[in-house]
Amino acid sequence: MARIRLSRLPGDRVLVSDDDEAREIALGDLPPLVRERETSSPRWVWDDTARWYPSLLAAGVRVERCHDLRLCRRLLARAPAVDPGLLGGEETRLWDALRPVVASEPVLFGAGDAADHLRADVEDARQLAAVAASPEAARLRLLLAAESAGALAAAEMTHAGVPWSVDVHEALLVDQLGPRPPRGAPPRLLAACADDVRRLLGAPGLNPDSRPDLLAALRRAGLEATDTRASTLRRLDHPAVEPLLRYKKLAHLFHTNGWAWIDEWVRDGRFRPSYQPAGSITGRWSSNGGGALSFPAQVRPAAVADDGWVLVVADVAQLEPRVLAGMSGDRELARAARGADLYQGMVDAGAVASRQHAKLGLLGAMYGATSGESGRMVADLTRRYPQAFGLVEAAARAGERGQAVRTLLGRGCPPLGTAWDESPDAPPADLADRDRRRRAHGRFTRNFVVQGTGAEWALCWIADLRNRLWRLAGDGPLEARPHLVFFLHDEVVVHAPARVADAVTEAVTAAAASAGRLLFRELAIDFPLDVAVVRSYADAGKAGT
DNA sequence: AAATCAAGCGCC
DNA sequence: AGGGCGCTTGATTT
């Protein structure tokens with residue numbers, strides 16, 4: 001498959017190099033070039049998808065596949081199976097220093113410093129050589145392709161946006177908070193709530209947003225509170241507690257998803273959060289604008305499909321336990337995973353007394369619980385599922401010893417002591433302190449292998465899904481066809497014409513099965529989905545497992 | 001005054 | 001004495 005490398009040159013010029021030749025074109029000639037070359041399905045190679053792709057999408061051009069050099073370089077640099085020496089050379093310090101372009105603040109290209117004009121062809125050759133020399137080349141190739149496809153999907157989702165009804169959202173705000181207040185003032189119902197709190201606590205001047213003030217007022221009212229968390233407050237018996245909890249809820253709605261949020265993030269009936277692929281260390285995406293990671297239930301009613309369209313909402317039931325079964329090759333757990341409810345499958349196999357116990361045990365194993373009921377369940381289930389539980393246990397031990405761990409496809413974790421937990425000028429750690437850190441790192445590596453492989457499954461899922469959606473009936477630009485509008489860890493939302501809803505449901509399901517086969521091969525792991533075809537995101541009932 | 005930290009909440 | 005994130009405010013530091 002042809003690789004076409006795009007490098008920025010000074011003065012709005014682009015160096016286009018494929019295997020045969022290199023030539024220069026004007027930046028404005030890029031969309032027609034891509035449109036023309038897409039018929040032969042090349043892989044476009046560029047420094048950062050978020051830098052190149054939005055303007056192509058704006059010009060109505062969809063890219064089928066790419067290689068994101070920044071994302072892939074970082075992956076390879078941290079992959080235990082890659083020789084770091086092969087990643088060195090010309091301009092590599094600049095490549096290592098590249099920061100992601102933020103999709104919500106489209107800076108097309110910078111003011112012409114060196115990092116804006118890195119040679120994609122040179123870096124691409126380095127990365128290809130590093131992969132080819134790795135004993136795990138096949139898995140790494142899949143990982144790099146999935147990571148890059150994810151970057152395309154992210155840009156496309158930001159481009160399309162989640163269909164958003166400002167009317168519904170504002171009605172919801174007015175209902176709960178009262179009419180929109182003038183700038184700087186609290187809405188009426190929030191203020192009334194604060195008044196209730198002040199009156200019932202006998203604290204006329206109290207600012208309920210100030211934790212010290214609030215804590216002092218609670219103390220004066222004779223309550224023994226050490227913090228102001230909702231869970232702590234709920235345990236207190238006092239008439240002020242109810243309005244206080246209500247105040248916190250309303251204040252959160254007002255501040256994080258109120259009118260200001262609409263003004264900033266919703267335009268032309270679309271909410272366009274900005275995704276950052278591989279933004280977290282495990283390979284999960286993060287977000288740097290709009291709050292895509294916390295799409296609060298409170299405002300989901302405002303996500304409403306266009307007329308004649310629907311939202312197809314799909315999420316995987318118990319993704320990470322299934323991934324654990326697959327990566328550990330634990331056939332017993334894989335058997336329990338057959339069917340819609342893995343935890344129930346464990347009960348039916350006689351491994352555990354109840355669903356709740358099964359869940360506690362598995363989550364405890366993946367998070368490193370050592371005590372309480374969860375800790376006991378981990379011990380019990382380890383006997384029943386030695387391979388699955390042994391895998392996370394081994395990852396924890398390796399982390400504690402300072403050894404590297406990796407995901408199924410080869411993403412590496414940062415070594416002990418280079419990250420958050422050991423700043424150079426910290427006071428010398430005593431023995432107990434270092435021991436605590438080692439155990440904390442062990443819990444991190446324990447979770448890393450599962451969360452990271454789960455993220456890889458999800459990448460394969462959306463990569464396959466975006467291709468299937470593109471092949472479905474439809475023509476014209478991306479947003480006139482069924483398309484992804486939202487992705488979060490184990491959940492997708494597709495915006496689609498109502499008449500293709502069934503086909504989309506089928507595509508989402510088939511993509512999940514395909515991702516499972518891609519990662520776990522002959523060990524057939526089921527990835528059953530909860531799929532809902534709805535008008536509004538809020539109507540998609542969560543199974544809540 | 002600006003930058004950074006921490007608490008608390010939201011999501012998976 | 002359970003992992004990963006982002007966002008907002010008030011408090012603290014520079």
Side-chain angles (χ1 to χ4, degrees), chain A residues 102 104 186 207-215 225-234 244-245 247-258 260-261 264-265 273-300 315-321 323-324 359-375 377-378 392 395-396 399 405 407 411 413-414 419-420 423 435-436 439-455 458 486-492 537 542-545:
Chain A
V102 178
S104 58
N207 169 13
D209 289 323
S210 164
R211 283 179 295 271
D213 286 7
L214 182 57
L215 208 51
T226 52
D227 60 69
T228 63
R229 263 172 288 189
S231 58
T232 304
L233 298 175
R234 247 187 291 277
L244 185 50
L245 291 172
Y247 177 86
K248 278 173 167 280
K249 197 156 192 67
L250 290 180
H252 191 261
L253 174 63
F254 175 58
H255 289 306
T256 62
N257 293 103
W261 181 90
E264 185 170 1
W265 294 106
S274 137
Y275 298 92
Q276 194 184 313
S280 91
I281 202 81
T282 57
R284 275 186 173 184
W285 293 11
S286 66
S287 136
N288 42 25
L293 266 71
S294 54
F295 201 137
Q298 273 180 304
V299 298
R300 289 188 187 193
D315 71 304
V316 195
Q318 308 120 4
L319 172 61
E320 288 174 358
V323 161
L324 176 58
K359 185 176 174 180
L360 270 177
L362 267 174
L363 294 182
M366 292 187 296
Y367 290 148
T370 57
S371 64
E373 190 165 22
S374 186
M377 292 314 304
V378 173
V392 283
V405 299
T407 60
R411 189 188 301 269
C413 76
W420 64 92
S423 72
D435 204 45
R436 211 166 22 246
R439 280 200 303 273
H441 194 253
R443 282 193 302 279
F444 165 67
T445 53
R446 171 194 291 275
N447 187 254
F448 176 90
V449 293
V450 182
Q451 189 185 116
T453 306
F486 186 68
F487 165 64
L488 180 57
H489 307 327
D490 63 356
E491 176 173 7
V492 295
Y537 194 5
K542 291 289 177 300
T545 52

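Proteins get letters first, then strands, A, B, ... in listed order; numbering begins at 1 in each.
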Among the candidates C:dG3, C:dG10, C:dG2, find the nucleotide nearest to the side-chain atoms of A:Leu363. C:dG2

Can you check the A:Trp261 CH2 to B:dC11 C1' distance for me, whole Å? 14 Å

Minimum-distance nucleotide (side-chain atoms of A:Ser287 versus C:dT8, B:dC11, C:dG6): C:dG6

Answer with base, sugar-phosphate or nothing: what part of the nucleic acid does A:Ala230 contact at a heavy-atom distance below 4.0 Å? sugar-phosphate

Which part of the nucleic acid does A:Asp227 contact within heavy-atom distance under 4.0 Å: base, sugar-phosphate only, or nothing? sugar-phosphate

Could you tell me how far apart A:Asp315 (CG) and B:dC11 (C1') are, to the nearest whole angstrom? 13 Å

From the candidates C:dG2, C:dG4, C:dT8, the one with an atom nearest any side-chain atom of A:Ser280 is C:dG4

Could you tell me the separation between the CG atom of A:Leu215 and the C1' atom of B:dA6, rounded to a whole number of Å? 15 Å

Counting side-chain heavy atoms from C-beta on, which of C:dG3, B:dC12, C:dC5 comes nearest to A:Leu293? C:dC5

Just how far, in rounded Å, is C1' of C:dG3 from CG of A:Leu319? 14 Å

Can you measure A:Arg443 atom CZ to C:dG4 atom C1' for me and round it to whole angstrom units? 14 Å

Just checking A:Ile281: base, sugar-phosphate only, or nothing, at a heavy-atom cut-off of under 4.0 Å? sugar-phosphate

Which nucleotide, C:dG4, C:dA1, C:dG10, lies nearest any side-chain atom of A:Ser210? C:dG10

When we call it a touch if two heavy atoms are under 4.0 Å apart, what does A:Ser374 touch: a base, just sugar-phosphate, or nothing? nothing

Rounding to an integer number of Å, can you tell me how far A:Asn288 CG sits from C:dC5 P? 14 Å

Please determine whether side chain to side chain contact (heavy atoms under 4.5 Å, CB included) holds for the pair A:Thr228 and A:Lys248, giving the CA-CA distance in whole Å, both sets of side-chain angles, and the decisive distance to 0.1 Å. CA-CA 10 Å; A:Thr228 63; A:Lys248 278 173 167 280; 4.2 Å; yes

Atom NE2 of A:His252 to atom P of B:dG8: distance rounded to whole Å? 13 Å

What nucleotide among C:dG3, B:dG10, B:dG8 has an atom nearest to a side-chain atom of A:Lys248? B:dG8

Minimal heavy-atom distance between A:Phe448 and A:Thr407, with the atoms involved, is CE2-CG2, 3.8 Å

Would you classify A:Arg211 as touching base, sugar-phosphate or nothing, given that sugar-phosphate means primed atoms plus P, OP1 and OP2, and contacts are heavy atoms under 4.0 Å? base

Distance below 4.0 Å between A:Arg436 side-chain N/O and C:dA1 OP1 or OP2: no

Find the distance between CG (A:Asp227) and OG1 (A:Thr232) and round it off to the nearest 0.5 Å. 3.5 Å

Counting side-chain heavy atoms from C-beta on, which of B:dC12, B:dG10, C:dG3 comes nearest to A:Lys249? B:dG10

Write down the distance between CZ (A:Arg284) and C1' (C:dG4), rounded to a whole number of angstrom. 5 Å

Going by an N to O cut-off under 4.0 Å, is there a salt bridge joining A:Glu320 and A:Arg284? yes

Looking at every non-hydrogen atom in both residues, tell me the closest pair between A:Ser374 and A:Ala369 and how far apart they are. OG-CB, 3.5 Å

Spatial distance of atom OH (A:Tyr275) from atom CZ (A:Phe486) [nearest 0.5 Å]: 5.0 Å

From the candidates C:dG6, C:dG4, B:dG8, the one with an atom nearest any side-chain atom of A:Ser286 is C:dG6

Is any side-chain N or O of A:Arg229 under 3.5 Å from a base N or O of B:dC9, one able to act as donor and the other as acceptor? no

